[in-house]
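All remarks here apply to the structure that follows.
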Amino acid sequence: MTVEFSELEKARYKKLLFLKDQGMELYPRKTKRTHLSSQAISEFEQSEEDGDVHVEVAGRLQSIRSMGKIVFAHIEDERGKLQLFLRRDELGDEVFGLFINGFDLGDFIQASGVMFRTRAGEISLRVEQFTILAKSITPLPAGKEEIIDGERIVHSAFTNPEARYRQRYADLAVNHDIREIFWTRSRIMRALREFLDEHGFIEVETPILQPLYGGAAAKPFTTHHQQLRQDLYLRISFELYLKRLIVGGFERVYEIGRDFRNEGVSFKHNPEFTQLEFYIAYADYEEVMMLTEQMVAFAAAKALGSTQLQYQGESIDLTPPWRRLDLRAALQKYAKIDIADFPTYASLEEIIRDQGDTLAPESTRGKLIEALLSKYVEPACIQPTIIYDYPRDISPLAKSKVDDPETVERFEVFVGGMELCNAFTELNDPVDQEQRFQEMRKDYDADDKERHPMDEDYLRAMRYGMPPNGGFGMGIDRLTMLFTDQSTIREVILFPHLRSKGGGEDK
RNA sequence: GGCCCGCUAGCUCAAUUGGCAGAGCAACUGACUCUUAAUCAGUAGGUUAUAGGUUCGAGUCCUAUGCGGGUCACCA
């Protein structure tokens, strides 16, 4: 044994040996289960005849109340709990003793018998036979729970966030509300796929390991292929690959997968996160706006049963149509600045300072505007809001407005005070695109880490001819936060990134 | 990366001005044939995150480190 058992674990290990001595197979291969807890209960409710409903159930021991010659215990399976009732005079001293002396909270048990109702009124299983399915050696960090007026109150619950994330298995085993978050997340993913599939999309998979990164402004993770002796990047977006597919003739493509960004972590940022991107040939951003509203409302209806939800104390209504504001109007309203009056970096920077604001120094006018947006507009958008028409210099892959070359057809959706989606009419002019890459390169040359590589292959694809198209990206983690009323992204990611204990040093 | 806060029994938390480190649950022993936070009696459980310092005396004060939480910065 490589790990020293604690006193508590030693006590349990002794029980394990006891059961083994008594001839029990501690970790059997086959389980016989005829009913889930909930099925056993509802079947009994149909008849209410004591002795009528015979079941075999399996689950994890969640509570044990021993009263001398009888025992009450609850087992828990994925969907519910069931009370077991064991009597010494029915089971015999020896078998009854196996339970009393051999079983602990956290053990997996299989039990069979007949359903009945106790004097206190709880539908329970009168156990005739039982066996162990898996012994628990380390005690779960379980609290005790009681039900008051139908509300579940847990005492001394396992709440330390660090411990919960590091030992998510224990968190899930003990805090069963947590499992519901991930059921909702799963329903969201299924609903999004269903929506897109029904709208004629093909789901595709593009490289995660990329020789060049692009499609977003973010620092990438780097890795290395030994045999090819090639440095590779973990993707920061799918965009450039998906649009290559539009060149290739797919008219509607989407991908759901993981992006990786080597940046700060926060309540809404995890180094790896799940993204949905789609591209539609012959569509522009207005068509994408309509589809976005429908898709998110559809996902809410499917995952929650409603397009209304509660988020951090606010009622949010996702029913289309959503409020739409152009970026200039939004900044007038929330930041009290009309950006049209300040057409240069210097003038805009001056008015921001004059208003007594302390935005960090930015390199371009577009970045200043973006800083204003995230400081003033984003937190104010509780109801779903489409902000559209962005500065060109922070949107190098988006097409300009026909009457205003400095503004592009781009929109973002904000809801619950968070950015949720980013979309635009995609730039499909290869000459213009090359110019934009050059401009970006210039802007970022000063800061080597954020320098944007020129993707020659992508430009070649575009030179073959890319149909006009509208593109879209959405963070699935944030959508899940919204749908499950969670204030941090870590709660909706099963294994969020945490610093390693005793590590964290750059080598 | 900056700043603030935290780290005490398996879990959740106490500990007055620097003065014997405690409780509930979990565990162990015993009682108990309808309990459900079962109850009752008893027992055990600690290098107070780590390393150093101040002090007659440190969970408490100081310094450093680790990990976490919050916040700011960063995040086309």
Side-chain angles (χ1 to χ4, degrees), chain A residues 6-12 14-15 62-74 81 83-90 96 104-106 116-122 124 126 138-148 152-166 170 174 214-219 236-237 239 261-269 271 358-364 366-367 369-371 373-374 390-398 408 410 412 419 422 424 436 439-440 443-444 447 449-450 452 487-488 490 498-505:
Chain A
S6 69
E7 290 306 308
L8 295 179
E9 289 166 334
K10 280 177 191 160
R12 285 176 168 226
K14 261 171 77 179
K15 295 188 186 181
Q62 188 252 340
S63 67
I64 299 173
R65 290 176 297 285
S66 154
M67 311 198 46
K69 297 189 176 65
I70 60 170
V71 171
F72 293 94
H74 276 98
K81 290 197 301 183
Q83 181 167 260
L84 306 184
F85 179 63
L86 294 87
R87 287 178 66 136
R88 187 174 187 162
D89 60 1
E90 288 174 0
F96 189 76
D104 288 297
L105 297 180
F116 78 113
R117 194 183 279 275
T118 64
R119 273 175 222 166
E122 179 163 349
S124 307
R126 185 187 301 271
T138 303
L140 285 166
K144 277 212 165 180
E145 64 176 55
E146 66 176 324
I147 313 276
I148 294 177
R152 186 164 154 275
I153 298 169
V154 184
H155 303 267
S156 308
F158 184 47
T159 52
N160 181 288
E162 178 182 1
R164 284 183 47 232
Y165 302 143
R166 284 192 198 279
V174 151
K219 288 175 204 131
I236 58 173
S237 88
E239 173 148 5
R261 296 189 183 174
N262 206 340
E263 283 160 2
V265 298
S266 79
F267 73 93
K268 52 183 178 178
H269 298 269
T358 54
L359 289 181
E362 300 289 353
S363 49
T364 69
K367 284 194 146 197
I369 290 172
E370 191 165 54
L373 181 70
S374 56
Y390 277 61
R392 169 192 145 108
D393 68 289
I394 53 168
S395 315
L397 299 162
V408 296
R410 172 181 173 191
E412 291 186 306
E419 179 191 339
N422 182 22
F424 30 89
R436 303 279 195 99
E439 286 168 23
M440 294 307 293
D443 282 342
Y444 285 98
D447 183 356
K449 279 176 290 190
E450 282 193 18
H452 256 255
S487 60
T488 93
R490 281 181 223 166
L498 296 175
R499 199 186 296 259
S500 306
K501 289 268 193 185
E505 289 286 311

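All values derive from a computational prediction rather than experimental measurement. Residue numbering restarts at 1 for every chain, and letters A, B, ... go by the order of the sequence lines.
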So, are A:Glu7 and A:Lys10 salt-bridged, with charged N and O less than 4.0 Å apart?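 Here A:Glu7 pairs with A:Lys10 in a salt bridge, since their nearest N and O are under 4.0 Å apart.
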How far does the [atom1] atom of [N] sit from the matching atom of [M], given to the nearest Å?
N	M	atom1	value
B:A73	B:A64	P	26 Å
B:C40	B:U63	P	47 Å
B:U60	B:U71	P	28 Å
B:C62	B:C3	P	16 Å
B:U8	B:U47	P	12 Å
B:C72	B:A37	P	42 Å
B:A9	B:G59	P	14 Å
B:A15	B:G6	P	12 Å

Checking contacts here: which listed nucleotide (B:U33, B:C11, B:A76) is nearest the side-chain heavy atoms of A:Ile70?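 Of all the options, the side chain of A:Ile70 is nearest to B:U33.
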Atom [atom1] of [X] and atom [atom2] of [N]: how far apart are they, to the nearest Å?
X	N	atom1	atom2	result
A:Glu90	B:C34	CD	P	13 Å
A:Lys81	B:U35	NZ	P	17 Å
A:Leu373	B:C75	CG	P	14 Å

Would you kindly compare A:Asp89 and A:Ser63 by the position of their nearest RNA chain B nucleotide and give the one closer to the 5′ end? A:Asp89
Are side-chain heavy atoms of [X] and [Y] found at a separation under 4.5 Å?
X	Y	answer
A:Arg12	A:Thr138	no
A:Arg490	A:Arg164	no
A:Leu105	A:Pro139	no

Please identify each residue that fulfils side chain to side chain donor-acceptor pair (under 3.5 Å) with A:Ser237, with sequence neighbours left out. none
Polar pairs (N or O, both sides) under 3.5 Å between protein and nucleotides 22-28 of chain B?
residue, atom, partner, partner atom, Å
B:G24, N2, A:Ser156, OG, 2.7
B:C25, O3', A:Lys144, NZ, 3.4
B:A26, OP1, A:Lys144, NZ, 2.6
B:C28, OP1, A:Lys15, NZ, 2.5

Of all heavy-atom pairs between A:Phe267 and A:Ser487, which one has the smallest distance, and what is that distance? CD1-O, 3.4 Å
The ring-ring contact (aromatic ring centres under 6.0 Å, His included) partners of A:Tyr165 (sequence neighbours excluded) come to none
RNA chain B: stems of at least 3 consecutive Watson-Crick or G-U pairs, cut-off 3.5 Å? B:1-7 with B:66-72, B:10-13 with B:22-25, B:27-31 with B:39-43, B:49-53 with B:61-65
Considering every strand and a 4.0 Å limit on heavy-atom distances, what is the contact class for [X]: base, sugar-phosphate, or nothing?
X	value
A:Thr118	base
A:Ser66	base
A:Arg410	sugar-phosphate

For A:Arg261, check salt bridge (charged side-chain N to carboxylate O under 4.0 Å, His left out) against everything at least two apart and list the hits. none
Taking N or O atoms only and anything under 3.5 Å, show me the protein contacts with nucleotides 68-72 of chain B, one pair per line.
residue, atom, partner, partner atom, Å
B:G68, OP1, A:Arg499, N, 2.7
B:G68, OP2, A:Arg499, NE, 3.1
B:G68, O4', A:Glu162, OE1, 3.1
B:G69, OP1, A:Arg490, NH1, 2.9

Would you please indicate yes or no on a ring centroid separation below 6.0 angstrom for A:Phe116 and A:Phe85? yes
Does the base of B:U35 carry an N or O that pairs as donor and acceptor with the side chain of A:Glu122 under 3.5 Å?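 Per atom types, no contact qualifies.
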